[in-house]
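Within every chain, numbering begins at 1; the chains are lettered A, B, ... in the order of the sequence lines, protein sequences first and strands thereafter.
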Protein chains: 2
Amino acid sequence: MSRPKARVSMADVARLAGVSSQTVSRVSTGHPGVVGSTRQQVLAAMKQLGYRPNSAARALKSGQFRTIGVILFSFSSTGNSRTLEAIATHAAQEGYAITLIPVAVPTQDSVVGAFTRLGELAVDGVIVIMEVHLLDSATVTLPPHVQVVVVDSDAGDRYAVVDTDQADGARQAVDHLLGLGHRTVWHVAGPAESFAAERRAQAWRDTLTGAGRQVPEPLRGDWSAESGYQAGLVLADRPDCTAVFAANDQMALGVLRALHERGRAVPGEVSVVGFDDIADATSFIPPLTTVHQDFAEVGRRCVQGILRQLDSGETAPGTTLVPTRLVIRASTAPPPAR
Amino acid sequence: MSRPKARVSMADVARLAGVSSQTVSRVSTGHPGVVGSTRQQVLAAMKQLGYRPNSAARALKSGQFRTIGVILFSFSSTGNSRTLEAIATHAAQEGYAITLIPVAVPTQDSVVGAFTRLGELAVDGVIVIMEVHLLDSATVTLPPHVQVVVVDSDAGDRYAVVDTDQADGARQAVDHLLGLGHRTVWHVAGPAESFAAERRAQAWRDTLTGAGRQVPEPLRGDWSAESGYQAGLVLADRPDCTAVFAANDQMALGVLRALHERGRAVPGEVSVVGFDDIADATSFIPPLTTVHQDFAEVGRRCVQGILRQLDSGETAPGTTLVPTRLVIRASTAPPPAR
DNA sequence: GAGCGAGATGTTTACGTAAACATCGCCGAG
DNA sequence: CTCGGCGATGTTTACGTAAACATCTCGCTC
């Protein structure tokens, strides 16, 4: 039980099993060419000594770490956390570990810093969950052997990009509201730096224009419920506003509260649609109609993409879109009769 | 620009700078005993070649990975994500990387699996964010050189434990409600497996008992807003229920919705207090009075604890409590006059 | 001015693994 | 019956780094 020395190496196992360390290596890596009886012997010795491969030595020899780095700016958005979870789960299934590279402030400097550190990090590939234009503005040179996949970006020409089909989701939301009879739809947009926010806003605008509707001036939030509340106060005072599309569920929550405080009934007088379908959305007052994002699928495809690039050894630019779907709950209804 | 060969090693830098590789090593690790001019020369050569230390070789030689593993069961709880974020940030500041070890299902098997993998993982220490009794039930042998810190657990006698002061938070919540004049306080508890849930429930019970109040039968949820809604429906039908303490904010959200649907005014007829102080709590209808948890501080102390153990080389059992504080918003008020 | 010590730098070695190459023994074809 | 060949196993070597030890060069003291 009490191993007096430090950790056991292949040599120790080899000695006990009466074979060469190379044979132990073969058993350990699952290589063929070891006969059953020998294998059993080695396995027994491993177990007895509590042998654990030394990943550092393994990585040094093989040049691979079997680790994927994830650079992300904020955990606070539900989407990031859920995507990260899916990435971690799928990476684990493939025998890869995940190394977290948090970027505290999304300034150019800190992003460069993160990528510089990256070169020293034990990582085969990187998944970037953040606006990539921050990377571009910085003269960042990625370590040549590190592969990259980006989430939430328009850099599909240079990197492999995985993203939710933001545009189609926004279109579904607006179409739903127009279909209910609303004359137009107001929008509470996300921050201008966010590519996702811009895509949703653009699709909202395009859909209205395509339907020949008037496009109101969008209000801008920062994804937080509080910013949604501020926007909601403005909208609540506009009697002509009967339908609101918020760029995420948290801002929708703020809008709901503002409307409630101002005494405007949802969905009786004003309809509200969100984006994300966070778990809590079913318990908003009223339960929120929103666009469901499949974060798990996004994470899955990220890992898939990285592994493919790692196998082939070459980057595979292009954008993969994960479909969205509108989930209709109780926050939308036809506009009030005039 | 185009390096024809693979990555550069110390030997390459040494050759270009006209020094030995050991001198390069000294510069790279910041060791003293290298005169200024030599150092400059080496630094220049490093930059020209784009040298990056190979962390695998470094780890192999030094026996340290400068990496902390984080085992967590669920990302979905806000607390876990926020704690993880703080851990990642502080670890990065100390020059440590974070490796994520997700445990998909909290069964004994998968936990054992995670800890088995751990032995092969390039990790100096581990922070466990999850109920530790799952570890106990399994005959898990931690790799001897790996240090452990646990969050949300009562295993302070065997491990270093960092936790929020759950009991005091619950006490503050209950005292606040009693202070407003409520005769007693109902409780929507978290799942029985959760140590945090149990501690909050126990403190709720103790505080009521200590004040000589009647202790109603607690309702049990699973942390989700939906489960809070179900509990809320039950409570809404009890006219004697004027104050509810929910074990987290999401369940409180569900309670609010149930009360709203049943036409019971908050806080006019029923007061509600949550736990966590998630960002959205300010935008609930009405804004939620809740117990604020300092997740960032929890993360900070976890990293601190691991590093201290890593330095000293010995485990330091004991529990560190991070204080909580009640944030009073608009969901609590004196009970209705009878 | 000789010797000594301290600081700067170079040389050797080992960390644990796995690829490449070497060897050994056995079986079947001719 | 002999030899080629192949499968199983052993031996050598290199991965990139940093600790330990060796050497070398000064400047200073007596």
Electrostatic pair B/R300-B/E297, nearest N-O below 4.0 angstrom: yes
Residue pair A/D163 / A/L321, side-chain heavy-atom distance below 4.5 Å: yes
Length of the CZ-C1' vector between A/R15 and C/dG16, whole Å: 13 Å
B/S/- contact track for nucleotides 17-23 of chain D, protein heavy atom under 4.0 Å: BBBB---
Closest-nucleotide ordering on DNA chain C, the 5'-leading residue of B/P32 and B/L60: B/P32
Verdict with reasoning, B/S81 to A/R82, per side chain to side chain donor-acceptor pair (under 3.5 Å): CA-CA 10 Å; B/S81 292; A/R82 301 252 310 269; over 6 Å; no
Side chain to side chain donor-acceptor pair (under 3.5 Å) between A/T315 and A/Q309, intermediate numbers included: CA-CA 6 Å; A/T315 56; A/Q309 292 190 42; 5.2 Å; no
Partners passing salt bridge (Lys or Arg N to Asp or Glu O under 4.0 Å) against B/R15 (at least two apart in sequence or in another chain): B/D12
Distance-only side-chain donor-acceptor flag, B/S21 / B/R26, under 3.5 Å: no
Heavy-atom check, side chain of B/Y96 versus side chain of B/Q64, under 4.5 Å: yes
End axis versus end axis in the helix from C/dG1-D/dC30 to C/dG30-D/dC1, the angle rounded to 10°, five pairs used at each terminus: 50°
Side chain to side chain, A/P102 and B/E85, heavy atoms closer than 4.5 Å: no
